[in-house]
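Below is one structure; the comments refer to it alone.
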Amino acid sequence: MKTSNDCLNQNYLEYVKQIAPKTKQKRSILHAFWVGGVICCIGQSFRFLLEGVFNLSGDELSSYVSMIMVFLGAFLTGLGIYDRIGKYAGGGSIVPITGFANSVVSPAMEFKTEGYIYGTAAKMFVVAGPIIVFGIASSVLVGILYFIGYRIF
């Protein structure tokens with residue numbers, strides 16, 4: 001026996017299905033693929049440039065490339081360009097490191113009208129904060145396990 005709540009849920013789902021815009025899945029996947037690829041190619045170009053011109057290698061090279069890509073992601077977000085790229089490419093724009101920069105800068109810009117302390121500083125890590133906390137916590141846990149394992153064996 002159906003309850004009135006089940007009927008309301010079914011009616012609501014049918015209504016949403018009628019008015020929701022149809023997505024063009026193949027086109028969205030293609031856009032995400034090529035935009036994400038272009039972002040990665042830009043990062044690789046910086047890697048080749050820094051390696052060839054400045055003779056950087058190893059961790060130093062990786063650090064500089066990461067810093068450049070984070071800066072570009074934050075800068076393009078500040079100009080409003082990265083949001084347009086995100087609308088066009090969808091998930092292809094959030095996978096590379098520039099997407100992380102965008103997830104930190106976007107909330108900071110959105111809440112800057114509330115002031116530097118309660119707006120920008122408080123809301124900056126709303127999206128990226130859990131990722132940072134989980135990354136730090138898991139690295140500490142792995143370090144402790146490695147330390148214990150190294151002492152035992």
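Predicted, not measured: the structure shown is a model, and the values here were computed from it.
Here the OH-CZ distance, from Y64 to F54, works out to 9.5 Å after rounding to the nearest 0.5 Å. Rounding to the nearest 0.5 Å gives a distance of 14.5 Å between CD1 of I39 and CD of Q44. Between the CG atom in L61 and the CG atom in L49 there is a gap of 10.0 Å [rounded to 0.5 Å]. The structure places CG of L50 at 10.5 Å from OG of S45, a figure rounded to the nearest 0.5 Å. Rounding to the nearest 0.5 Å gives a distance of 11.5 Å between CG of L13 and CD of Q18.
Other residues, nucleotides and ligands contribute over 12 non-hydrogen atoms within 6.0 Å of the CD atom of E14.
Under the 4.5 Å side-chain heavy-atom criterion for ILVMFWY residues, a single connected hydrophobic cluster contains both V38 and L79. Using a 4.5 Å cut-off between side-chain heavy atoms of Ile, Leu, Val, Met, Phe, Trp and Tyr, with links allowed through other members, I85 and F46 fall into the same hydrophobic cluster. In the hydrophobic cluster analysis, where Ile, Leu, Val, Met, Phe, Trp and Tyr join through side-chain heavy atoms closer than 4.5 angstrom, I29 is grouped apart from V35. Residues I97 and F134 do not share a hydrophobic cluster, clusters being chains of Ile/Leu/Val/Met/Phe/Trp/Tyr side chains in contact below 4.5 Å.
Within the 4.5 Å cutoff, side-chain heavy atoms of I42 are placed close to those of M69. Contact of the V65 side chain with the R47 side chain is registered, since non-hydrogen atoms from C-beta on lie closer than 4.5 Å. Here the side chains of D83 and S106 are in contact, with some heavy-atom distance below 4.5 Å.
Y82 and S93 share no side-chain donor-acceptor pair at under 3.5 Å.
Judged purely by atom type and a 3.5 angstrom limit, S139 uses its side chain to pair as donor or acceptor with the backbone of I136. Side-chain atoms of S62 do not come within 3.5 Å of backbone N or O of D59 as any donor-acceptor pair.
Between Y88 and H31, the angle of the ring planes stays under 30°, which puts this pair in the parallel group of the 30/60° scheme.
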For residues 71-78, run the donor-acceptor check on the side chains, cut-off 3.5 Å, and write out each pair with its distance to 0.1 Å, sequence neighbours left out.
{"from": "T77", "atom 1": "OG1", "to": "G73", "atom 2": "O", "distance (Å)": "2.7"}
{"from": "T77", "atom 1": "OG1", "to": "N102", "atom 2": "ND2", "distance (Å)": "2.8"}

